[in-house]
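Read the structure below first, then the notes.
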Number of protein chains: 2
Amino acid sequence: MSPKITTELLRQLRQVMKSSRYVAEPIQAYIVPSGDAHQSEYIAPCDCRRAFISGFDGSAGTAIITEQKAAMWTDGRYFLQAAQQMDSNWTLMKMGLKDTPTQEDWLVSVLPEGSKVGVDPFIIPADQWKRMSKALKSAGHVLVPVKENLIDAICVDRPQRPCKPLMTLDLSYTGIGWKEKIAALRAKMVERKVLWLVVTALDEVAWLFNLRGSDVEYNPVFFAYAVIGTDTIRLFVSGDRMADPSTREHLLLDSALEAEFKIQVVPYESVLTELQAICMGLSPKEKVWLSDKASYALTEAIPKAHRYLTPYTPICIAKAVKNRAETEGMRRAHIKDAVALCELFNWLEKEVPKGSVTEISAADKAEEFRSQQNGFVDLSFATISSTGPNGAIIHYKPVPETNRALSGNEIYLLDSGAQYKDGTTDVTRTMHFGTPSAYEKECFTYVLKGHIAVSAAIFPNGTKGHLLDSFARSALWDCGLDYLHGTGHGVGCFLNVHEGPCGISYKTFADEPLEAGMIVSDEPGYYEDESFGIRIENVVLVIPAKTKYNFSNRGSLTFEPLTLVPIQTKMISIPLLTQKECDWVNDYHRKCREVIGAELKSQGRHEALQWLIRETEPITKMH
Amino acid sequence: MSPKITTELLRQLRQVMKSSRYVAEPIQAYIVPSGDAHQSEYIAPCDCRRAFISGFDGSAGTAIITEQKAAMWTDGRYFLQAAQQMDSNWTLMKMGLKDTPTQEDWLVSVLPEGSKVGVDPFIIPADQWKRMSKALKSAGHVLVPVKENLIDAICVDRPQRPCKPLMTLDLSYTGIGWKEKIAALRAKMVERKVLWLVVTALDEVAWLFNLRGSDVEYNPVFFAYAVIGTDTIRLFVSGDRMADPSTREHLLLDSALEAEFKIQVVPYESVLTELQAICMGLSPKEKVWLSDKASYALTEAIPKAHRYLTPYTPICIAKAVKNRAETEGMRRAHIKDAVALCELFNWLEKEVPKGSVTEISAADKAEEFRSQQNGFVDLSFATISSTGPNGAIIHYKPVPETNRALSGNEIYLLDSGAQYKDGTTDVTRTMHFGTPSAYEKECFTYVLKGHIAVSAAIFPNGTKGHLLDSFARSALWDCGLDYLHGTGHGVGCFLNVHEGPCGISYKTFADEPLEAGMIVSDEPGYYEDESFGIRIENVVLVIPAKTKYNFSNRGSLTFEPLTLVPIQTKMISIPLLTQKECDWVNDYHRKCREVIGAELKSQGRHEALQWLIRETEPITKMH
């Protein structure tokens with residue numbers, strides 16, 4: 001992978017940073033955050049501004065360009081990738097390491113006295129604006145909103161904002177109709193005494209209206225905002241999206257309807273002016289509810305006295321707790337996904353020895369098998385298909401320059417998933433097609449022990465996910481090993497593969513208590529730079545646990561794996577497992593064999609079935 | 001324990017809340033925080049305002065009195081005690097339970113429109129003021145500082161603020177002289193570009209100057225503030241404390257000295273006016289460093305533009321990492337403490353069957369044995385000596401009304417510690433002097449498994465304590481059990497038994513990363529209301545761990561128990577332990593026998609030595 005040459009682009013950017021056409025006064029630094037106006041993690045090409053200016057296209061990273069310097073902050077998943085994709089104009093700031101300065105501290109250390117730092121107010125979340133603004137102010141600088149995006153200003157062929165057709169989801173998928181969701185939401189608004197709620201996250205709009213889109217790759221969402229009042233609904237969408245008869249019928253746009261469920265369709269671009277108009281009409285004490293992660297621009301549109309900010313909207317929290325229809329859909333999706341992976345791994349076992357399979361062709365084959373499944377829509381993220389040293393790049397995506405052939409001498413890591421109309425999958429398996437070394441098996445086994453420790457954990461109702469994170473690391477820690485990413489993230493139901501507000505991470509922000517019905521991933525790993533990567537990931541459902549006692553009548557929770565794909569027993573150093581852990585592996589494989597075996601049989605995939613049966617043979621611990 | 005009758009006191013308080021003698025305008029609510037002007041956890045009698053108004057005298061709790069209601073917020077350690085000590089005028093707000101409102105939410109729900117809420121600005125920490133003020137403001141109320149404390153106003157016989165003689169500590173105890181400490185502190189100030197540092201916490205003043213006092217029971221501190229400039233030192237103390245020649249000599253008050261180490265002694269009461277005067281002389285951009293937990297009054301004295309607030313002062317962090325002299329002192333203190341406890345338990349085993357030992361007499365006997373040890377100064381907190389149902393009151397202190405006889409039928413829990421000139425101890429043992437039930441043994445064993453899981457944990461450098469908390473709970477969680485307190489707190493060296501900035505708790509505030517040299521407690525428990533309490537507590541030192549590998553050259557840490565008191569093996573259900581856990585118990589007991597045995601022998605305490613040898617017999621797991 002050769003880095004993007006950014007010298008000329010940075011020169012142009014530094015020019016517009018001083019141009020009165022864009023800024024009232026010259027700015028000495030410009031911040032390019034990762035997201036779009038909806039603070040999305042995955043973004044449309046028109047919003048890939050940070051990748052455009054720096055070359056680094058991972059899913060998380062913030063660029064800051066001053067008159068002399070350019071720096072990129074990203075986390076442990078992307079240290080290697082960012083280093084490879086950026087040229088020497090850029091300094092990589094490794095977040096989470098002790099000596100890495102925060103963006104604020106770095107700015108303060110490099111800026112000349114009394115500097116102005118600019119940022120697009122639509123892209124920066126209000127909470128980040130606040131923190132940054134405060135830090136700069138206390139050092140004598142000032143953070144200023146720059147209305148026209150300066151990256152767009154220097155980008156000559158910026159793609160258009162996508163506006164693709166919508167898909168409607170009926171009750172068999174969603175379990176709850178959109179009117180019911182709006183009614184429940186209004187009940188929450190009454191509880192909190194707010195009159196309005198502004199929905200800015202794309203997956204929240206999609207979930208609320210039981211609609212899906214394809215504006216953003218891998219994420220079945222569409223560009224939209226919604227503003228919910230106590231008896232009005234405004235949906236901000238572009239173009240002729242509402243022309244489609246099935247969408248019109250789904251949203252009852254042409255039906256005689258109780259006034260409070262009548263949806264006003266408003267152009268996407270007018271959200272700011274409409275919100276300002278709403279705020280003009282507010283009486284004292286009337287409040288507008290908004291996530292504190294919404295953009296600074298929208299937050300500022302609501303006068304401070306009228307703002308009601310919370311880390312999560314009630315939609316985010318309701319969406320996280322899956323209902324029966326959603327849970328059943330997720331189960332179906334994971335069965336289909338497992339069928340595709342059994343086919344893939346069976347195929348790989350035969351093809352890899354021939355030397356003709358590469359990371360890219362393996363990823364393509366995985367997509368091919370998935371696309372044969374009923375209700376397949378798209379992948380849920382860019383497939384991470386990596387062998388040998390590429391496996392150590394945590395969020396690696398194979399490209400022709402890095403593409404490596406799979407072989408019997410290296411570990412192969414496949415982290416992949418799909419969007420089915422029923423649900424979203426995300427699974428990682430680490431395989432060896434030859435004979436793994438003792439050290440590779442040792443590391444794999446520590447990761448497996450961590451995976452099992454989380455998956456089998458029993459914990460009280462109300463526990464936050466971060467309290468489970470060290471269960472996943474304990475076996476690695478005992479030997480002085482670790483991994484530089486969280487252990488799990490929330491997973492949407494035919495929605496974003498990463499969603500809040502729950503997860504399992506040593507980072508303690510973004511962490512609502514776990515509840516039955518929530519769905520998260522369990523994915524510890526171990527990565528040895530320039531050598532190999534190991535990760536074992538299942539998507540798991542939070543379910544009530546039966547325990548011997550019940551302290552304070554609080555109830556207990558545990559996890560049920562939804563992912564049912566064999567874990568390669570060849571990679572396990574069995575003496576390192578406890579008897580309990582052996583039993584867990586055997587129980588898990590028994591369930592894979594039963595559930596996925598039946599589906600493989602009914603789909604007539606006999607060879608993959610034989611592979612599954614072989615791969616789910618019980619392991620035995622010698623005494 | 002009968003509750004304090006507070007009807008008349010509350011009537012008087014509500015009167016002064018409306019009296020123009022104390023408040024410019026009537027206030028509709030008055031907040032009585034737990035601490036003193038130094039935000040101390042343990043406070044002098046003159047500062048026990050919350051206990052005076054409510055009867056509840058636990059170490060943590062905030063009272064709020066409105067015109068109609070009175071409510072008390074406290075945490076899980078004190079639910080039972082607070083319920084017993086308060087009369088029906090009071091509503092107990094159980095913090096940490098899901099349905100308990102925050103103080104802010106509760107105030108907003110009960111106050112009439114446009115209310116004024118008063119609080120003593122010297123007692124409320126600035127961060128709490130800020131949160132409370134913001135919440136009240138957004139609901140149309142206002143938080144106002146009430147300069148004269150309203151509890152003092154209705155308290156007819158308020159004790160005087162103590163002003164007891166000081167003790168100086170030489171280098172053999174402190175390892176570092178006070179001039180060196182000041183120099184290191186100034187280096188930190190230069191690093192952060194601050195000109196002044198205000199020291200408000202009593203233990204920080206004591207540590208900085210290598211002085212100790214006895215103004216507050218159990219905590220060897222004295223009422224003082226310090227303000228450190230780049231070339232000045234102001235020490236705010238009352239009365240004639242500085243008249244003592246040894247103190248004068250220790251502080252070099254009469255010596256020819258470099259100007260920057262010359263200590264100006266200033267009256268305790270003048271801290272606010274001195275600080276205001278300092279701030280008057282500041283140039284723009286000159287900063288004053290203060291903990292964000294310092295009082296609102298002192299924080300407000302520093303104009304906002306000059307404030308540099310951090311959760312911890314550099315003194316707090318430096319103090320937490322014990323140097324070699326301090327670590328060795330802590331070891332000596334724990335050996336002496338273990339000798340006292342071996343004597344006690346040996347005595348109890350003989351005396352309890354006679355029926356004459358009570359919770360109070362056992363606590364007195366523990367103090368007696370401790371006071372026989374060299375360098376004994378005081379207890380480090382009120383001894384928790386509790387048997388049977390009293391054990392379930394987590395911070396129980398026996399009083400004549402509740403005093404219970406120890407017997408062979410009930411579990412006995414002793415949580416106690418002392419201040420020695422060498423160091424501070426804090427140890428809990430749970431014993432049975434008859435035959436414990438299978439259920440009691442089961443619960444004890446889960447607690448022990450949690451204790452061992454933390455004590456034996458290996459974790460990377462830079463890990464925060466909260467990530468270890470669930471190790472302590474895992475065995476309990478598996479059976480649906482839990483305990484409603486954190487797992488560990490920082491421990492001072494001949495200083496406060498509870499100190500920041502590290503600890504082991506599911507609560508994630510107040511949590512600096514663990515480093516070698518830090519000292520914390522490891523004290524999981526299990527409490528069955530109206531039945532029994534179990535807790536196993538050691539004080540442990542953070543030490544480097546040797547591991548097989550060393551990821552990213554980060555280094556690993558683990559704990560070494562400083563407490564060396566046998567854990568009663570009779571209470572262990574051995575089949576529930578793993579072989580590793582058995583080995584831990586046997587290794588621990590071998591060390592107790594070696595180290596404490598040698599000391600018992602050299603002190604000629606032969607009977608206690610026999611007891612120790614018996615109690616440290618290895619346990620064996622049947623296969």
Side-chain angles (χ1 to χ4, degrees), chain A residues 96-98 113 137-140 193 284-285 287 304-305 307-308 439 442-443 453 456-464 466-471 473-474 476-484 506 508-509 511 513 526-529 545-552 554-558 578 623, chain B residues 96-98 108 137-140 193 284-285 287 304-305 307-308 439 442-443 453 456-464 466-471 473-474 476-484 506 508-509 511 513 526-529 545-552 554-558 578 623:
Chain A
L97 300 198
K98 209 180 159 185
E113 262 185 50
K137 196 176 159 193
S138 82
K193 297 179 189 154
K285 291 200 180 180
K287 300 274 183 191
K304 216 167 171 181
R307 266 180 232 160
Y308 183 79
Y439 179 60
E442 183 186 356
C443 294
I458 294 172
F459 49 92
N461 250 317
T463 300
K464 293 183 172 192
H466 74 260
L467 289 171
L468 308 180
D469 183 75
S470 38
F471 289 158
R473 298 177 199 273
S474 180
L476 287 162
W477 282 358
D478 279 347
C479 294
L481 303 180
D482 198 5
Y483 53 95
L484 298 180
Y506 54 96
T508 53
F509 56 82
D511 198 17
Y526 175 69
Y527 311 91
E528 188 124 326
D529 277 2
K546 286 196 185 67
T547 53
K548 190 169 175 187
Y549 307 111
N550 186 7
F551 177 65
S552 283
R554 206 162 31 151
S556 291
L557 299 171
T558 188
T578 64
H623 288 282
Chain B
L97 300 197
K98 210 180 158 185
V108 169
K137 195 177 159 193
S138 82
K193 298 178 188 155
K285 291 202 181 178
K287 300 275 181 187
K304 217 168 170 180
R307 265 179 233 161
Y308 183 79
Y439 179 61
E442 183 186 356
C443 294
I458 293 173
F459 49 92
N461 251 316
T463 300
K464 293 184 170 191
H466 74 260
L467 289 170
L468 308 180
D469 183 76
S470 38
F471 290 158
R473 298 176 200 273
S474 181
L476 287 162
W477 282 357
D478 279 346
C479 295
L481 303 180
D482 198 5
Y483 53 95
L484 299 180
Y506 55 96
T508 53
F509 55 82
D511 197 16
Y526 175 68
Y527 310 90
E528 187 124 329
D529 277 3
K546 285 195 185 67
T547 53
K548 190 169 174 186
Y549 307 111
N550 186 8
F551 177 65
S552 283
R554 206 162 30 155
S556 292
L557 299 171
T558 187
T578 64
H623 288 282

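Order of the sequence lines sets the chain letters (A, B, ...), proteins ahead of strands, with each chain counted from 1.
- Both the backbone and the side chain of A/Ser138 come within less than 4.5 Å of a heavy atom in chain B.
- A/Asn461 meets the side chain to side chain donor-acceptor pair (under 3.5 Å) test with no other residue; sequence neighbours excluded.
- For A/Thr463, the part lying under 4.5 angstrom from a heavy atom of chain B is the side chain only.
- Neither the backbone nor the side chain of A/Lys546 comes within less than 4.5 Å of any heavy atom of chain B.
- With a 4.5 Å cut-off on non-hydrogen atoms, A/Lys287 touches chain B through its side chain but not through its backbone.
- Residue A/Tyr439 touches chain B through its side chain alone, counting heavy-atom pairs closer than 4.5 Å.
- By number of non-hydrogen pairs under 4.5 angstrom with chain B, the leading residue of A/Ser474, A/Ser470, A/Gly462, A/Pro513 is A/Ser470.
- With chain A as partner, the option from B/Lys464, B/Arg473, B/His466 having the largest number of non-hydrogen pairs under 4.5 angstrom is B/His466.
- Distance check, rounded to the nearest 0.5 Å: NZ of B/Lys304 to NZ of A/Lys137 gives 7.0 Å.
- Once rounded to the nearest 0.5 Å, the distance linking OG of A/Ser552 with CG of B/Asp529 reads 7.0 Å.
- When every heavy atom of A/Thr547 is checked against every heavy atom of B/Asp478, the shortest pair comes out as CG2-O, 3.9 Å.
- Interface summary for chain B: among A/Pro284, A/Pro460, A/Ala545, the most heavy-atom pairs under 4.5 angstrom belong to A/Pro460.
- Closest approach of A/Ser556 and B/Gly480 over heavy atoms only: OG-CA, 3.9 Å.
- Among A/Leu468, A/Asp482, A/Asp469, the residue making the largest number of heavy-atom pairs under 4.5 Å with chain B is A/Asp482.
- With a 4.5 angstrom heavy-atom cutoff, A/Phe471 touches chain B via backbone and side-chain atoms both.
- Listed options A/Lys285, A/Lys98, A/Arg554 were ranked by heavy-atom pairs under 4.5 angstrom with chain B; first place goes to A/Arg554.
- Here the CZ atom belonging to A/Phe551 is positioned 8.0 Å from the CG atom belonging to B/Leu481, to the nearest 0.5 angstrom.
- The closest side-chain donor-acceptor pair between A/Tyr549 and B/Glu442 falls under 3.5 angstrom.
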